[in-house]
*Asks:* 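This is the structure, below, for whatever I ask next.
A quick note: this is a predicted structure, and the numbers were derived from the prediction, not measured. Chain naming here is simple, since letters A, B, ... match the order of the sequence lines and numbering starts at 1 in each.
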Number of protein chains: 2
Amino acid sequence: MKVLWTQGKASVSDIQQSLKAERDFAITTISTVLQRLYKKDIVDFHKVGRQYIYKAVISEKETQASMTNNLIDQLFEGKSSVLVNHLLEEDAFEADELERLRKLIEAAQERQQLDP
Amino acid sequence: MKVLWTQGKASVSDIQQSLKAERDFAITTISTVLQRLYKKDIVDFHKVGRQYIYKAVISEKETQASMTNNLIDQLFEGKSSVLVNHLLEEDAFEADELERLRKLIEAAQERQQLDP
DNA sequence: TTTTAATTACTACATTTGTAGTATTAAAGT
DNA sequence: ACTTTAATACTACAAATGTAGTAATTAAAA
């Protein structure tokens, strides 16, 4: 998936190459997985010659959104703020990140002020 | 899992009762699942008579932490702030939540200031 | 054009997951 | 003590997941 997101589109062997460093799967393995993902409408493809070129149906952003919402619903009472709270408790941020976030939050607050 | 977290410990039929509203599983289903979780060290049990009393091995907090870190690693470059950023972009917060978060962040900043 | 190399098609197989039935045993009620 | 009930033990089975082999086909190289 990651590979498809960063490359946009890729053939089976493209993907195999990209994953090689991490793990050396048989090409048929990759092909099988892609076909299963296709059945579930997670990827789409078109053929070039006899070669399948796959691409992701949902973007990385959409996936982030849905997986995050999922996690929030499952474990954080459905509230984003509870998740952030948890992160703060864990000291999951560097000093500069905190600063950046504070600014972002202020910006978001102003946005809400204007736009009811 | 949720049930075990809120109840602390529970027998198979306790769990069945708790889930009844949501879905009516056969008692053997629940039992099987629990046993499999036990094999994976996700729950533990002790017997009272011939009855199995299960309890979660990892707390809800720990699960939150590990699943959240997982998500962050997978989808948000391993940085919590990227996740929060995403949330802000999605307008995932109410006005009062934003305000609360701003305060929390400020508090966290002060904490970091003191404690290097 | 014949050989070789790449690519897909089809098949396979073990493991995990989701769900539950049947048989047995032990406890509780009468 | 005997029967009903609750609980576990054991078994099952389909679907999903992870991984890959073999056969067939096509494109490219020689």
*Asks:* For B:Phe25 and for A:Val12, locate the closest nucleotide of DNA chain C by heavy-atom distance; then report the residue assigned to the nucleotide nearer the 5' terminus.
*Replies:* A:Val12
*Asks:* Please state how far atom CG in B:Asp24 lies from atom P in C:dG21, giving the value in whole angstrom units.
*Replies:* 11 Å
*Asks:* Taking A:Ser13 for its side chain and A:Gln16 for its backbone only, find out whether a donor-acceptor pair lies under 3.5 Å.
*Replies:* no
*Asks:* I'd like to check B:Asp24 versus B:Lys20 (side-chain heavy atoms, cut-off strictly below 4.5 Å). Are they in contact?
*Replies:* yes
*Asks:* Looking across every strand, which nucleic acid part, if any, lies under 4.0 Å from A:Ser31 by heavy atom: base, sugar-phosphate, or nothing?
*Replies:* nothing
*Asks:* Report the distance from atom CD of A:Gln35 to atom NZ of A:Lys40, rounding to the nearest 0.5 Å.
*Replies:* 13.5 Å
*Asks:* Taking B:Asn69 for its side chain and B:Ala65 for its backbone only, find out whether a donor-acceptor pair lies under 3.5 Å.
*Replies:* yes
*Asks:* Nearest-nucleotide wise, let me know which of B:Ile53 and A:Arg23 is further upstream toward the 5' end of DNA chain D.
*Replies:* B:Ile53
*Asks:* Give a yes/no answer on whether the side chain of B:Lys40 brings an N or O atom under 4.0 Å of OP1 or OP2 in C:dT17.
*Replies:* yes
*Asks:* Check the distance between C:dC13's C1' and A:Arg36's CZ and give it to me in whole angstrom.
*Replies:* 11 Å
*Asks:* Separation of A:Arg50 atom CZ from C:dT7 atom P, in whole Å?
*Replies:* 8 Å
*Asks:* With sequence neighbours left out, what residues match B:Val33 under side-chain contact (heavy atoms from CB on, under 4.5 Å)?
*Replies:* B:Leu37
*Asks:* Can you tell me how far C1' of C:dT7 sits from OH of A:Tyr52, to the nearest Å?
*Replies:* 10 Å
*Asks:* Could you list where the contact with chain B starts and ends along DNA chain D, reading 5' to 3', using a 4.0 Å heavy-atom cut-off?
*Replies:* D:dA7 to D:dA12
*Asks:* When you measure from the side chain of B:Asn70 to the backbone N and O of B:Met67, does any donor-acceptor pair fall under 3.5 Å?
*Replies:* no
*Asks:* What is the distance, rounded to the nearest whole Å, between atom CG of B:Leu37 and atom P of C:dT16?
*Replies:* 13 Å
*Asks:* Quick one: on DNA chain C, does B:Gly49 or A:Lys47 contact a more 5' nucleotide (nearest heavy atom)?
*Replies:* A:Lys47
*Asks:* At under 4.0 Å, does any side-chain N or O of B:Thr32 touch on OP1 or OP2 of C:dG18?
*Replies:* no
*Asks:* Please check this pair: side chain of A:Gln112 against backbone of B:Phe93, looking for a donor-acceptor N/O pair closer than 3.5 Å.
*Replies:* yes
